[in-house]
Amino acid sequence: MKNKRKREQPRPAIHPRNKYSEKPPDFALLASFYPSFKPFVFYSRDGRPRIDWTDFNATRELTRILLHHDHGINWWIPDGQLCPTVPNRSNYIHWIEDLLLSDIIPRPNPNQDNVRGFDIGTGANCIYPLLGASLLGWRFVGSDVADVAIEWAERNVKSNPQISDLIEIRKAGTDASCSQVEDPYNENSNLERKVDHAVRDDCYSGPPILYGVVRDGETFDFCMCNPPFFESMEEAGLNPKTSCGGTVDEMVCPGGEKAFITRIIEDSVKLKHSFRWYTSMVGRKINLKFLTSKLREVGVTIVKTTEFVQGQTCRWGIAWSFVPPVKKIISTHVAEKPNLSFMLQGLQRQSSAFDVLQSIESFFRVSGASCKLNVSSFCVDISASNNHLSGIFKEDAEENLDEASGNINFRISVFQQIPGTLLVKGSLQQKDCPVSGELLSAFQRLEVVLKDKFCQTKDSSNPP
Ligand SMILES: C[S@@+](CC[C@H](N)C(=O)[O-])C[C@H]1O[C@@H](n2cnc3c(N)ncnc32)[C@H](O)[C@@H]1O
């Protein structure tokens with residue numbers, strides 16, 4: 001009865017910009033492209049292709065090929081390290097993207113160029129920097145304390161030269177040029193502290209997390225963290241339904257996630273404006289309540305929470321800031337911001353980013369909008385009225401008498417993500433101007449036109 005009621009509750013949806021929101025990975029198709037994945041795929045009685053989620057090798061191979069197939073990323077982790085699920089981890093990235101795009105706090109960087117994030121505990125898998133850099137061109141510092149994590153995170157970055165310049169891997173607690181800590185961490189004292197700690201209380205006393213790792217004068221748009229959730233390996237248990245690996249270092253810290261995130265909160269009080277947004281994943285709802293009230297105590301200006309879809313389990317996200325909000329917040333949910341970006345994947349060989357740029361220019365110019373192509377920064381600056389934008393959908397553009405002052409000024413930039421994949425990103429030049437329905441529709445139309453013109457159809461694309 002209890003279970004039934006649980007199932008009836010509406011589950012939060014996968015993030016709409018998540019690559020897998022409309023189409024979950026097709027195991028049969030992937031197996032046909034990747035022979036190494038084939039042995040892990042079997043068919044259930046209803047004919048659906050499946051994998052054994054309790055087999056670490058199967059989940060690791062799935063992650064490897066999804067990162068390769070959908071993100072152009074080369075990736076590997078040694079046996080037993082925590083294996084991330086790509087669709088789940090992408091949700092957290094898109095939630096941060098929503099925060100950065102929202103007008104909750106002022107946006108010093110309305111175009112979202114040069115976004116810089118800090119991934120606390122990046123792990124051997126380095127999943128968040130790899131996803132954030134490849135999907136959105138973000139720069140990252142990924143920190144960790146475990147040698148194996150640092151070694152493999154660095155390997156994973158180096159295996160991806162197309163984004164390796166965007167990611168720095170940093171060992172926490174070993175840098176002299178960091179924000180000052182009174183009692184710097186060292187390996188021996190940590191062990192004593194861990195033991196001491198276990199008998200004392202549930203405060204964090206491990207290596208530095210942010211304060212002592214962030215360097216003097218460094219600033220970031222956000223930090224993110226998938227913390228060690230558990231207080232002991234027994235508490236972590238073994239989920240009989242999945243095998244995602246995970247070592248003691250990755251899963252456990254004295255005091256569990258509550259202590260770990262509380263330390264991030266304490267660090268944020270010291271570092272305040274070094275980050276625009278502080279965020280963390282939270283594994284237990286009861287901790288979410290505790291952390292929210294802790295944040296109110298320390299005087300943050302904003303607290304936001306969200307719930308992530310994680311297969312059978314729930315995870316939450318918590319975000320806070322010390323930047324004064326633009327307007328009074330009445331809801332704790334981040335408003336959906338219309339999306340002005342899309343990817344062009346599987347570009348035909350003969351098509352270049354410049355061709356795409358020229359097509360964007362002529363797409364808007366034919367409706368009478370004024371366009372300025374900037375070749376050196378690969379963008380087009382456009383000034384258009386709503387009439388111009390709706391003219392895009394008419395056969396013959398009407399003569400437009402709109403005053404230039406009523407125009408919407410926006411920029412469309414083209415970024416190369418990996419060979420054959422471009423990110424097309426629109427951004428409004430006027431900070432507080434809302435995205436009109438006409439602009440949104442024109443942008444959606446642009447996506448269709450460009451995909452039609454430049455991208456190979458699925459049937460003609462070569463399997464990797
Ligand atoms: C749950 S794992 C997350 C790994 C990866 N980010 C992911 O989402 O799969 C937590 C990571 O935090 C690291 N860690 C623990 N204490 C840390 C600290 N003080 N600073 C940085 N990383 C830490 C662990 O070594 C581990 O790699």
Side-chain angles (χ1 to χ4, degrees), residues 56 59-60 63 67 75-78 80-93 95-96 117-132 140-154 156-157 167-175 178-179 181 183-187 189-191 193-194 197 203-214 223-231 233 235-236 239 242 244-257 259-264 266-267 279-284 308 310 313 315 317:
F56 176 79
T59 55
R60 176 172 56 183
T63 296
L67 286 173
W75 176 90
W76 193 244
I77 47 166
Q81 295 290 309
L82 186 62
C83 180
T85 321
V86 179
N88 291 351
R89 296 297 202 276
S90 309
N91 279 336
Y92 189 0
I93 292 282
W95 182 56
I96 290 180
F118 190 108
D119 179 27
I120 301 166
T122 199
N125 62 52
C126 194
I127 187 70
Y128 291 125
L130 293 174
L131 282 178
F140 271 92
V141 170
S143 74
D144 213 290
V145 285
D147 289 336
V148 63
I150 296 291
E151 182 195 332
W152 277 88
E154 276 172 350
N156 279 317
V157 173
I167 305 171
E168 174 197 331
I169 301 301
R170 189 178 295 178
K171 181 140 188 190
T174 53
D175 197 330
C178 292
S179 43
V181 267
D183 183 11
Y185 161 68
N186 73 56
E187 298 268 333
S189 66
N190 182 47
L191 189 62
R193 280 179 194 175
K194 271 194 175 182
H197 202 61
C203 293
Y204 179 81
S205 63
I209 298 181
L210 279 181
Y211 192 68
V213 184
V214 171
C223 68
M224 64 192 306
C225 179
N226 179 10
F229 285 132
F230 305 105
E231 290 192 59
M233 217 47 193
E235 192 199 340
N239 182 344
T242 62
C244 296
T247 60
V248 180
D249 270 344
E250 288 174 308
M251 312 296 283
V252 175
C253 99
E257 64 171 11
F260 199 88
I261 303 169
T262 300
R263 171 55 66 88
I264 302 179
E266 288 160 3
D267 284 358
T279 79
S280 180
M281 182 111 90
V282 181
R284 296 174 71 190
F308 296 117
Q310 309 274 59
T313 50
R315 294 278 182 257

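Everything numeric here is computed off the predicted structure, so don't read it as measured data. Both ligands and their constituent atoms are indexed starting at 1 by order of listing.
Looking at Tyr204 next to ligand 1, an N or O pair under 3.5 Å apart turns up. Where the criterion is an N or O separation shorter than 3.5 Å, residue side chain and backbone included, Gly121 meets it with respect to ligand 1. Considering backbone and side-chain atoms together, Pro208 places an N or O closer than 3.5 Å to an N or O of ligand 1.
Scanning all heavy atoms of the two residues, the minimum distance from Thr63 to Pro84 falls at OG1-O, 2.7 Å. Minimum interatomic distance between Arg315 and Met281 (heavy atoms only, all atoms of both residues): CB-SD, 4.1 Å. Of all heavy-atom pairs spanning Thr122 and Asp144, the tightest one is N-OD2, 3.4 Å. Between Ile150 and Arg170 the shortest heavy-atom distance is CD1-O, 3.7 Å. Taking every heavy atom of both residues into account, Leu82 and Ile77 meet most closely at O-CD1, 3.6 Å. In terms of heavy-atom proximity, Pro254 sits nearest to Ala259 at O-CB, 3.6 Å.
Here the heavy atom of the protein found nearest to atom 1 (C) of ligand 1 is Glu250 O, 3.0 Å. With hydrogens left out, the protein atom closest to atom 16 (N) of ligand 1 is Phe260 CE1, 3.4 Å, a heavy atom. Among all non-hydrogen protein atoms, the one lying nearest atom 3 (C) of ligand 1 is Asn226 O, 3.3 Å. Remark: minimum distance from atom 5 (C) of ligand 1 to any protein heavy atom is reached at Thr122 O, 3.3 Å.
Between Asp147 and Lys171 the shortest side-chain heavy-atom distance falls below 4.5 Å. Phe118 places a side-chain heavy atom less than 4.5 Å from the side chain of Ser143.
Nearest to atom 7 (C) of ligand 1 by heavy atom, out of Gln81, Arg263, Arg89, is Arg89. In the candidate list Asn125, Asp144, Ile127, Ile77, Asp144 is nearest to atom 25 (O) of ligand 1, counting heavy atoms.
Residue contacts with ligand 1 for Leu82 involve side-chain atoms from C-beta outward but no N, CA, C or O (heavy atoms, distance under 4.0 Å). In Pro227, the part holding a heavy atom less than 4.0 Å from any atom of ligand 1 is the backbone.
Residue contact annotation: Pro207 has a non-hydrogen atom under 4.0 Å from ligand 1. Using a 4.0 angstrom heavy-atom cutoff, Ser143 counts as in contact with ligand 1.
For ligand 1, the atoms sitting less than 4.0 Å from at least one non-hydrogen atom of Gly123 are 4 (C), 27 (O), numbered in the order shown with element in parentheses. Interface of Ile209 with ligand 1, defined as ligand atoms under 4.0 Å from a residue heavy atom, comprises 19 (N). In summary, the atoms of ligand 1 found under 4.0 Å from a heavy atom of Val145, numbered by their order in the structure, are 14 (N), 15 (C), 16 (N), 17 (C), 18 (C), 19 (N), 20 (N), 22 (N), 23 (C), 25 (O). Against a heavy-atom cut-off of under 4.0 Å, Tyr128 is close to the following atoms of ligand 1: 8 (O).
Between Tyr128 and Phe140, the distance from one ring center to the other does not fall under 6.0 angstrom.
For the atom pair CD1 (Ile127) and CG (Asp119), the distance works out to 10.0 Å, reported to the nearest 0.5 Å. Rounded to the nearest 0.5 Å, atoms CE (Met224) and OH (Tyr92) are 5.0 Å apart.
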